[in-house]
Enquirer: 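The following block contains the structure, expressed as structure tokens.
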Amino acid sequence: MKTISCMNIDTELLRSFDGEIKEYKKGEIIFREGDHALYYFQIEEGKVKLNNYNDDGKEFIQNIFGKNQSFGDSMLFLEKFYPINAICLEGSKIIRVPKNNFLELLRIHPEISLGMNACLSQRLYYKILMTQNMSSTNPVLRLKGLMEYLKSYYEDDCQHCFHIELTRQQIANLTGLRVETVIRVLKRMEKESLLKIVNRKILY
DNA sequence: TCATTAATCGAAG
DNA sequence: CTTCGATTAATGA
């Protein structure tokens, strides 16, 4: 069973609505917690993480997006401040469309607007599943929850061949576990054939 | 090769 | 499960 995967919007179309491509270096901040949501962002190249820090200073990653994915859209239809930071994990090219232009684009292209609804809907659905799994005290469930979540962004659903392209530290920051715990639990899961590990790469 | 970053491990709490 | 300390592997200049 697979749902429609999220579409990305044509670059030229975004450009015709004053979309501009910006290049960011690794580690550069695209927006930070507390900023107003003023743009629609779509990744042309690179990777971006959305994170925040708890009061102990421990990083918690909300999500990591890659090529052709958009991010921060959930705040686009509200007058709110971002509750998270967006930081580049590598050199990236990102197209940025001013909010009002983007809303105009949606008015003129209803099919894109509908597609976006489908996309937001799907993300919300998996986010709920993710949240449920993350509230578990069982680390295996947290890791499985995260991997299912990541897998939901891609259509292919073969067994143990989806490459989790995250470092163990990033997985730890996404699940609220410690790196060592992630490593140990991952190995245990491999023994139970819940996943495969080849050259340190995680295949789920 | 040197330095930096990520992955591992073992022991203790 | 987390923390600490220490080692080893991988990557890049």
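Just so it is clear: chains get the letters A, B, ... in the order the sequence lines come, proteins before strands, and each one is counted from 1.
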Enquirer: Aromatic ring centroids of Phe71(A) and Phe41(A) under 6.0 Å?
Expert: yes

Enquirer: Quick one: does Ser92(A)'s side chain have a donor or acceptor within less than 3.5 Å of a partner on Glu90(A)'s backbone?
Expert: yes

Enquirer: Is Asp10(A) paired with Arg15(A) through a side-chain N to carboxylate O contact shorter than 4.0 Å?
Expert: no

Enquirer: For Val140(A) and for Glu180(A), locate the closest nucleotide of DNA chain C by heavy-atom distance; then report the residue assigned to the nucleotide nearer the 5' terminus.
Expert: Val140(A)

Enquirer: How is Lys187(A) classified with respect to the nucleic acid when contacts are heavy atoms under 4.0 Å: base, sugar-phosphate, or nothing?
Expert: sugar-phosphate

Enquirer: Just how far, in rounded Å, is P of dC4(C) from CZ of Arg184(A)?
Expert: 14 Å

Enquirer: Please verify the inter-ring angle class for Phe31(A) with Tyr82(A); under 30° counts as parallel, over 60° as perpendicular, anything in between as tilted.
Expert: parallel

Enquirer: Base, sugar-phosphate or nothing for Thr167(A)? Non-hydrogen atoms, less than 4.0 Å.
Expert: sugar-phosphate

Enquirer: For Val185(A), answer base if it contacts any base atom (sugar-phosphate contacts may also be present), sugar-phosphate if it contacts only those atoms, and nothing otherwise; contact means non-hydrogen atoms under 4.0 Å.
Expert: sugar-phosphate

Enquirer: Under the criterion side-chain hydrogen bond (donor to acceptor under 3.5 Å, both in side chains), which of Gln159(A), Glu148(A), His163(A) is the partner of Tyr204(A)?
Expert: Glu148(A)

Enquirer: Look up atom NZ in Lys80(A) and atom CG in Asp35(A), then write down how far apart they are to the nearest 0.5 Å.
Expert: 16.0 Å

Enquirer: Going 5' to 3' along DNA chain B, between which two nucleotides do contacts with chain A fall, using a heavy-atom cut-off of 4.0 Å?
Expert: dA7(B) to dA11(B)

Enquirer: Atom CD1 of Ile183(A) and atom C1' of dT8(C): how far apart are they, to the nearest Å?
Expert: 12 Å

